[in-house]
Amino acid sequence: MPDDETPLPTHADEPHVQQNENRLNRLRAGVLGANDGIVSVAGIVVGVAGATIESGPVLTAGVAGLVAGAVSMALGEYVSVSSQRDAERSMLAKERRELAEDPQDELEELAAIYEAKGLRPETARQVARELSEHDAFAAHVEAELKIDPDDLTSPTQAALTSAAAFVLGGLLPLLAIVLPPTTWRVPVCVVVVLVALGIAGYVSANLGGASTRKAVVRVVIGGGLGLAVTYGIGMLLGTTVG
């Protein structure tokens, strides 16, 4: 039995729960970004292919949609994560200020949090006191805000990741429709897109702990209907406008 002076064993390379959650959220966002790229570019190229048999307009529309979508995703993610990061920094600054102005009240608040989690009042107070003596700010941030000050999401990193995921996803339908012969390009593109959507749906559901079968069926049916609609609109416009 180790005595009270023996430190508990730790794993230096083992990420914290909050770090795991952040990584899973980033991975999930990447999968969703790739899914958006697949659906968006596929809808564009299949729609244009329904309007014309020429490869030039299909390629041009696909590349334009790929670039525009990636830029839009990057800007949206940058703004969203910047707002989140600003809010987190504001909460961290507020916590520092409260600890400096009224440490005793903050100690009572921390003890109440641990008491609400099931500790006896005297135990909760002892835990709060010892944690505060060690690092009051870290103790309050972890218990109250659930924020890791050393692992705040970077807006730039989020924007680049989102754009890259969109481009990787969007390249699949673009290549699938420009590489095959004209008579086969739409069927090949549809098959590639539906398979890719099924994989993305499976991965996304698995990361979120949801039913993978329902997710795959839902995203494949939705993607198939979307492609059918855009192809039909392309044929209609190609006939009436052309």
Side-chain angles (χ1 to χ4, degrees), residues 25-80 158-159 161-242:
N25 287 335
R26 292 165 189 165
L27 182 57
R28 190 179 298 114
V31 173
L32 293 177
N35 185 81
D36 286 344
I38 295 169
V39 173
S40 299
V41 176
I44 292 173
V45 296
V46 168
V48 177
T52 178
I53 62 172
E54 298 294 329
S55 298
V58 175
L59 179 60
T60 300
V63 172
L66 188 68
V67 174
V71 172
S72 176
M73 289 286 290
L75 288 176
E77 194 71 9
Y78 186 86
V79 171
S80 174
T161 301
S162 181
F166 186 94
V167 169
L168 290 176
L171 281 175
L172 290 175
L174 182 59
L175 294 176
I177 206 161
V178 298
L179 294 181
T182 302
T183 55
W184 285 98
R185 64 186 183 187
V186 172
V188 169
C189 182
V190 170
V191 171
V192 169
V193 166
L194 294 183
V195 171
L197 287 177
I199 294 174
Y202 177 86
V203 174
S204 179
N206 194 45
L207 290 174
S211 170
T212 54
R213 174 180 291 185
K214 289 182 179 179
V216 170
V217 170
R218 183 166 53 240
V219 74
V220 169
I221 292 177
L225 290 175
L227 292 178
V229 170
T230 55
Y231 184 72
I233 292 175
M235 289 189 64
L236 178 63
L237 292 176
T239 301
T240 57
V241 177

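Quick note: numbers below take in every heavy atom, side chains included, and nothing from hydrogens, waters or symmetry partners.
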Completion exercise
For Gly170 and Val41, the nearest pair of non-hydrogen atoms, with its separation, is O-CG1, 3.4 Å
Handout entry: Check against side chain to side chain contact (heavy atoms under 4.5 Å, CB included), Leu197 and Asn35
Key = CA-CA 7 Å; Leu197 287 177; Asn35 185 81; 3.1 Å; yes
Completion exercise
What one should report as the nearest heavy-atom pair of Val45 and Gly62 is CG1-CA, 3.6 Å
Exercise for the section: Would you sort out whether Leu174 and Leu59 count as a side chain to side chain contact (heavy atoms under 4.5 Å, CB included), showing the intermediate values? Expected result: CA-CA 7 Å; Leu174 182 59; Leu59 179 60; 4.2 Å; yes
Exercise for the section: With Val190 as reference, evaluate Val188, Val193, Leu194, Val192 under the side-chain contact (heavy atoms from CB on, under 4.5 Å) test and give the passing residue. Expected result: Leu194
Handout entry: Considering all heavy atoms, the nearest Ile44-Gly65 contact
Key = CD1-CA, 3.7 Å
If you look only at distance, which donor and acceptor atoms sit under 3.5 Å apart when one is on a side chain in residues 208-219 and the other is two or more places apart or in another chain?
unit_1	atom_1	unit_2	atom_2	d
Ser211	OG	Lys214	N	3.4

Exercise for the section: Measure the spacing between OG1 of Thr230 and CG of Leu225 and express it to the nearest 0.5 Å. Expected result: 10.5 Å
Handout entry: Nearest atoms (heavy-atom pairs only) where Ile38 meets Ala196
Key = CD1-CB, 3.7 Å
Exercise for the section: Examine distances only and state if a side-chain atom of Ser80 and a backbone atom of Gly76 form a donor-acceptor pair shorter than 3.5 Å. Expected result: no
Handout entry: Ser72 side chain vs Ala68 backbone, donor-acceptor pair below 3.5 Å
Key = no
Fill in the blank from the handout: Closest non-hydrogen atoms of Ala159 and Ala74, given as atom of the first, atom of the second and distance, are CB-O, 3.4 Å
Problem - Closest non-hydrogen atom pair, Cys189 against Val46 - result: SG-CG2, 4.0 Å
Problem - For Ile53, side chain to side chain contact (heavy atoms under 4.5 Å, CB included) partners two or more places apart - result: Thr182, Arg185
Completion exercise
Taken to the nearest 0.5 Å, the spacing of Phe166 CZ from Leu171 CG works out to 10.0 Å
